[in-house]
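Accompanying notes for the structure given below.
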Amino acid sequence: MLMSTTPTFEGRPIKQYLGVVNGESIIGANIFKDMFAAVRNVVGGRAGAYERTLADAREIAMREAQEAAQKLGANAIVGIDVDYEVLGADNGMLMVCVSGTAVVV
């Protein structure tokens, strides 16, 4: 499936707009990731465990949006927007939301 943050695909006209599709993923960070991230915060560097968790959450949300688009008969999604938010009483959950317009090109 073609996916883009732009409203069109160059050289591929949109034949039909099928509606807005969404995908969501909420993933909890665990205590070990928190401990290593705290160390990284002090000494500097990248927090690889959090980066992997974020990438996994984004991939799940994108896949859910693709599945929703396929159910509508789409072969592409345009205008994709990816949003991130932390949730929970202690901000221990990461939410990734993907939305876009399902289309036929």
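All figures in this text were calculated on a predicted structure; none of them were measured in a lab. Along the sequence shown, residues are numbered consecutively beginning with 1.
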Heavy-atom nearest pair, Ser25 first then Ala57, reads CB-O, 3.3 Å

When clusters are formed by joining ILVMFWY residues with side-chain heavy atoms under 4.5 Å apart, either directly or through shared neighbours, do Val20 and Ile80 land in the same one? no

Applying a strict under-4.5 Å side-chain criterion to I, L, V, M, F, W and Y, I'd like to know whether Tyr17 and Met3 cluster together. no

Of all heavy-atom pairs linking Arg12 and Leu2, the shortest is NH1-CD1, 3.3 Å

Closest non-hydrogen atoms of Glu24 and Cys97, given as atom of the first, atom of the second and distance, are CG-SG, 3.9 Å

Sole candidate of Glu64, Gln66, Met62 that passes side-chain contact (heavy atoms from CB on, under 4.5 Å) when paired with Val98: Met62

Heavy-atom side-chain contact between Ile14 and Thr101 under 4.5 Å: no

Would a 4.5 Å heavy-atom cut-off, applied to side chains only, mark Leu18 and Gln16 as touching? yes

Can you list the residues that meet the salt bridge (charged side-chain N to carboxylate O under 4.0 Å, His left out) rule with Glu59, with sequence neighbours excluded? Arg63

Backbone of Thr8 reached by a side-chain donor or acceptor of Thr6 within 3.5 Å: yes

So if you build clusters from Ile, Leu, Val, Met, Phe, Trp, Tyr with side-chain heavy-atom gaps below 4.5 Å, do Val21 and Val104 land together? yes

Can you tell me how far CD1 of Ile77 sits from CG of Asn22, rounded to the nearest 0.5 angstrom? 9.5 Å

Min side-chain heavy-atom separation Val78-Pro7 under 4.5 Å: no

Least distance between heavy atoms, Val96 atom then Arg58 atom: CG1-CA, 3.9 Å

Once you round to the nearest 0.5 Å, how far does CG of Leu54 lie from CZ of Arg52? 12.0 Å

